[in-house]
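Structure first, commentary second.
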Amino acid sequence: MSTAKAQLEILPRSIQVLLAAGAIALAAFPLIPMESSGFYIQLLSQMMILAIFAMSLDLLQGVTGLVSLGHAAYFGLAGYALAFLTPADVPVSLWWSLPVAALGTGLAALVIGFFVVRTHGIYFIMVTMAFAQMVFYIFFDNAELGGSDGLYVYFRPDATLFGWQPFDLENKTTFFYFTLALLVLIYAFLRRLLFSPFGRALTGIRVNEHRMRAVGYGSFGYKLTAFTLAGALAGVAGYLWAAQTGYVNPELMGFHLSAHAIMMVILGGMGNFAGAIVGAFAFEWVMHFFKDMTKHWQLLMGSFIVLVVLFAPRGLLGLIERFTAPKEKVEEAP
Amino acid sequence: MTTRRNLLTHSAAAIGAASTGLFLPELARAQSDKVRVGFMLPYTGTFAQLGVSIEKGFLMALNEQGGKLGGKEVEFFKVDDESNPAKGVENANLLVQRDKVDVLVGTVHSGVQMGIHKVARESGVLSLIPNAGVQVATRAQCAPNVYRTSFSNSQPTLALGKAMMDRGHKKAVWITWNYSAGAEALEGFEAGYTAAGGTIVEKLAVPFPSVEFQALLTQIAAIKPDAVACFFAGGGAAKFLRDFHAAGLSKTIQLYGSGFLTEGVLEAAGPAAEGVMTTMHYSDSLDTPRNKKFRLDYVKAFKSQPDVYSVQGYDAGQLLIIGANAVKGDLSNKSALYAAMNGVTIDSPRGKWTMSAAHNPIQDMYLRQVVKGENKVIGVAGKAVADPATGCRMS
Amino acid sequence: MDFANFLIQLLNSLQYGLLLFMLAAGLTLIFGIMGVVNLAHGTFYMLGAYLAWFLTAQFDNLLIAIVVGAVLAIAFGWALEWLLIRHFYKRDHLDQVLLTFGLIYIFQEARSILWGDDVHSVAVPAMFNGAIQLTDNLSYPVYRLVVSAVCAGLAMGLYLLISKTRLGMKIRAGAFNREMTESLGINIRFIHAIVFALGVGLAAVAGMVAAPISSVYPGMGSSVLIMCFVVVVIGGIGSVRGALVAALMVGLVDTFCKVLLPEIAGMAVYMLMAAVLLFKPEGLFKS
């Protein structure tokens, strides 16, 4: 697996500026008067939700070095949780349904993680995929759980607290800012986590697990915690997705979405969470771009993926870093 | 370093500005006197053929009327739904919110349709379903702006039971994939067959999308029913036909199915499909002047043979034309639009059919048998078969 | 289920298992020996089937089509390895997963452009057209037995190649310790190219041989890919023997669950995999 040196953890100033600019642009976007602004606000909300999903995967993959081909299972599970919790005639309260969905998904990740974290390398990849497929089939095969046609989420969660509604999520712009706030919060939390003792331990496990165990770190516990936390965060993203689209389907837990998430994290640059955000936006944008261009967009998409993997293994942030900060490189001791 | 950074931010800004242009629709759209038609169909993937057929059929209907709707020019928008239900809502929004289409024509896959349906119900955009048979769209979730010109999943099999009983096949085994369309097809079959006096001896299900049928074919052989009724489509249908025949079961057990068992797969199934009987609302070989004319015109226009999907697309076009003519192309005049489309009778290549109150076709189901590689119509299995529209409430 | 029925279901399990083995063998070789995760493996199976259909139409003979197709597939695998795969041996599994995922998109679209999206069939060669009567109303196509025999023959051939030939020895050495093998003067690059080409060839030939019984359609790759991975993981990565045992187990579980426990038939194989990995986190056999 990649070494810490190969990954960008401390973000150089160029990238920090880029991120700040991006955040400001996002915050300002709904204020720009434009045709079909409602559509673009929704589209950006969706990209932000996928960015949260990508960040959760980055915790697992970029930081801890565990490549999961089944991360979408947690994304989908939380979406279904919201679908089950929302009655057909009234919205459910945001304040308890979101924690329940996230905790429930975290619990599922804990249980699955218990089986899965004991494997390594390729086995880990395959076994995460297998469990995700199992979860997929539980929902696909059972009409009581919605079956292959999925379920509707009839209302967005309601933010009313003690009779007072601070904001209405049914409003697209409000939902946009709510998602943006969560994105920023989760990013800040994860950055903090990265440089905390826990985060350092995870990074150590990624770089050299044997060494970590030799110095006394029980890697299983750390990996399982990371897996659970990543699952819970993916759940937050899935909850938001279900709230926004109002429709959940077993495909949300599918292999394709998991693979797309991996792509997003790699495209942006792993291990620093900023890359996950950049990657999510870039990936979605590129896919839309190709789809608008030609019927044979799959050829372009596949070629794009291949080119990225070949020439930009550290992702877009890696490219930006290479172009903007050569003088900051410290001479390595021979 | 400063210059490099400037260069980077400048070029990023330029790329950003240029790229949003690719995303944004033409802003010169103040007064649109064109009718915007949006296609949300599978242009890639397993159902690509179906998507293409539907679009061709639809366009043919439009071109027969000079390519205009209610006298107005038409502008087309297309989105490839990739048959991916997870993106259904997103893709539908591309057409409805970004491109601001006046009518959305789509789609094939029921899971994707669920997403479109949500967007249709929330936005009120006119939604024409040219294939997806998901029942709830014209049952509990019916809506005044959603019309279907194809079928509901239980309709073809609803007519199957009586045809089987008429031939003395009183005990049948049912087999299908374990997913919604299969369950809905079973619902129709069970209702029709038991009402006619038949008994379903065993209901078998294959996990979707597995095409390993051997284990269950062995079961069927052990059960020794009079007949087997099934629902399969596409590559799986071709394989089932071949496997059923290769196991020698076709000699002693008559195979029946919803028409999709033999749609588009007869070339692939070959002699294995001979004698298989199915019920469906159309057959390529339907010997009526209307169908013959349709097929000739289609081949002339597209150099390929039409299929049931082309017919469904064609009828969606016909339906839209009726509506658009009534409102002279102004699809925002909802009340007049719906008034024209409700209860309408469509002169379709499949025969005349009527739009039900729940906006699903009330249509004849033909009994077809595969004879020399063709679905020959041997009778009408059910006249004016209607979907029960359970739970549909439209004011 | 009576005894006769049970035996027939065993036969079904065996046939499915052997077919899965032929597919999984290529995958486990590439995994085990080169350490490359190849998500595009199912796509090669699908391409093989379409190739069989296309070539049978040209030569009017499936057997010739298979021979020609096998040569083409091996050449294609060689070219792919030379062009792309060889840059990825030292890379993360992650990068390989992504590369091959991108290749899936490319190959699917290429197939769509070249041969379209229709469903096709390939006729069973005339000499194998018969059927064996198993019960009074159930017969078993001779061709299925032929396919099983081909798969079994392949299993034997692979086993002999890997364990009894010099090439096999070099392959095993390369898998065990690449640098050491290289320093002994063995051309590891060549070995890897052979193994990859062989893996691709196996998948494509599986598609070609199975085409008469399976029909040729666009989605056939993805459904088979996941099963292959399950087989490889259960059997142990890199172990051809493991792939055989695992494939037979999957065949058994899949067949009997469909009949006896249809409610969990979709998940049964994954449950099997989870159970195996609980006790043997690296699969049943070491390579």
Side-chain angles (χ1 to χ4, degrees), chain A residues 1-2 6 61-62 65-70 112 114-127 129-138 140-142 255-256 258-260 262-263 265-267 270 290 294-311 313, chain C residues 31-32 35-37 39-40 43 83-84 87-88 91-113 222 225-234 236-238 262-278 280-283:
Chain A
M1 294 285 156
S2 313
Q61 181 174 297
L66 299 172
V67 178
S68 170
L69 251 184
I112 292 177
F114 181 76
F115 289 100
V116 151
V117 166
R118 64 181 62 208
T119 61
H120 293 85
I122 291 183
Y123 291 97
F124 181 82
I125 298 177
M126 296 335 311
V127 104
M129 184 194 72
F131 272 95
Q133 284 288 102
M134 262 199 265
V135 172
F136 173 89
Y137 276 113
I138 290 174
F140 189 92
D141 283 354
N142 283 297
F255 161 72
H256 266 98
S258 294
H260 282 192
I262 294 182
M263 186 60 208
V265 171
I266 295 213
L267 178 61
M270 296 200 294
F290 286 151
T294 164
K295 181 175 117 147
H296 300 295
W297 62 273
Q298 291 201 356
L299 206 57
L300 294 172
M301 197 66 204
S303 311
F304 174 72
I305 294 176
V306 170
L307 288 171
V308 166
V309 176
L310 271 175
F311 299 118
Chain C
F31 255 159
V36 170
V37 179
L39 288 183
T43 327
L83 197 65
L84 282 175
H87 304 291
F88 283 80
R91 302 271 289 256
D92 270 2
H93 290 316
L94 193 49
D95 294 342
Q96 295 163 3
V97 161
L98 273 175
L99 171 76
T100 50
F101 185 69
L103 288 177
I104 295 179
Y105 273 123
I106 295 177
F107 293 147
Q108 282 283 6
E109 195 60 37
R111 187 262 314 133
S112 175
I113 295 173
S222 34
L225 174 73
I226 293 188
M227 271 306 126
C228 274
F229 275 118
V230 170
V231 165
V232 166
V233 169
I234 292 178
I237 288 175
E263 310 80 40
I264 59 159
M267 301 198 297
V269 173
Y270 301 109
M271 289 165 66
L272 170 70
M273 179 162 111
V276 168
L277 287 173
L278 208 58
K280 294 209 136 216
E282 308 232 309

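Reminder, nothing fancy here: chain letters follow the sequence lines and each chain counts from 1.
- In terms of heavy atoms, M126(A) sits closest to M273(C) at O-CE, 3.5 Å.
- If you take CD1 on I106(C) and CE on M301(A), they are separated by 11.0 Å, rounding to the nearest 0.5 Å.
- Ring orientation note: the planes of F101(C) and F255(A) are nearly perpendicular, at an angle over 60° on the 30°/60° scale.
- Looking at every heavy atom in both residues, E109(C) comes nearest to H296(A) through OE2-ND1, 2.5 Å.
- Only the side chain of I113(C) comes within less than 4.5 Å of a heavy atom of chain A; its backbone N, CA, C and O stay farther away.
- Both the backbone and the side chain of V233(C) come within contact range of chain A, with heavy atoms under 4.5 Å apart.
- With sequence neighbours excluded, the residues satisfying side chain to side chain contact (heavy atoms under 4.5 Å, CB included) with F136(A) are F140(A), P250(A), E251(A).
- Heavy-atom distances place no part of F107(C) under 4.5 Å from chain A, backbone and side chain included.
- Contact annotation for Q96(C): neither backbone nor side-chain heavy atoms come within less than 4.5 Å of a heavy atom of chain A.
- Once rounded to the nearest 0.5 Å, the distance linking CG of L299(A) with CD of Q108(C) reads 11.5 Å.
- Heavy-atom minimum distance, R118(A) versus P281(C): O-CB, 4.3 Å.
- Between chain C and the residues K295(A), Q133(A), M263(A), the most heavy-atom pairs under 4.5 angstrom are made by Q133(A).
- In terms of heavy-atom proximity, Y123(A) sits nearest to G283(C) at CE2-N, 4.0 Å.
- Annotation: maximal heavy-atom pairing with chain A below 4.5 Å, among V37(C), I226(C), V232(C), occurs at I226(C).
- For the salt bridge (Lys or Arg N to Asp or Glu O under 4.0 Å) test, residues two or more places apart in sequence or in another chain that qualify with D95(C) are R91(C).
- With a 4.5 angstrom heavy-atom cutoff, L310(A) touches chain C via backbone and side-chain atoms both.
- Proximity to chain C is limited to the side chain of I266(A), based on heavy atoms less than 4.5 angstrom apart.
- For the atom pair CE of M129(A) and CG of L39(C), the computed distance is 8.5 Å after rounding to the nearest 0.5 Å.
- Heavy-atom distances place no part of I104(C) under 4.5 Å from chain A, backbone and side chain included.
- For L307(A), no part lies under 4.5 angstrom from a heavy atom of chain C.
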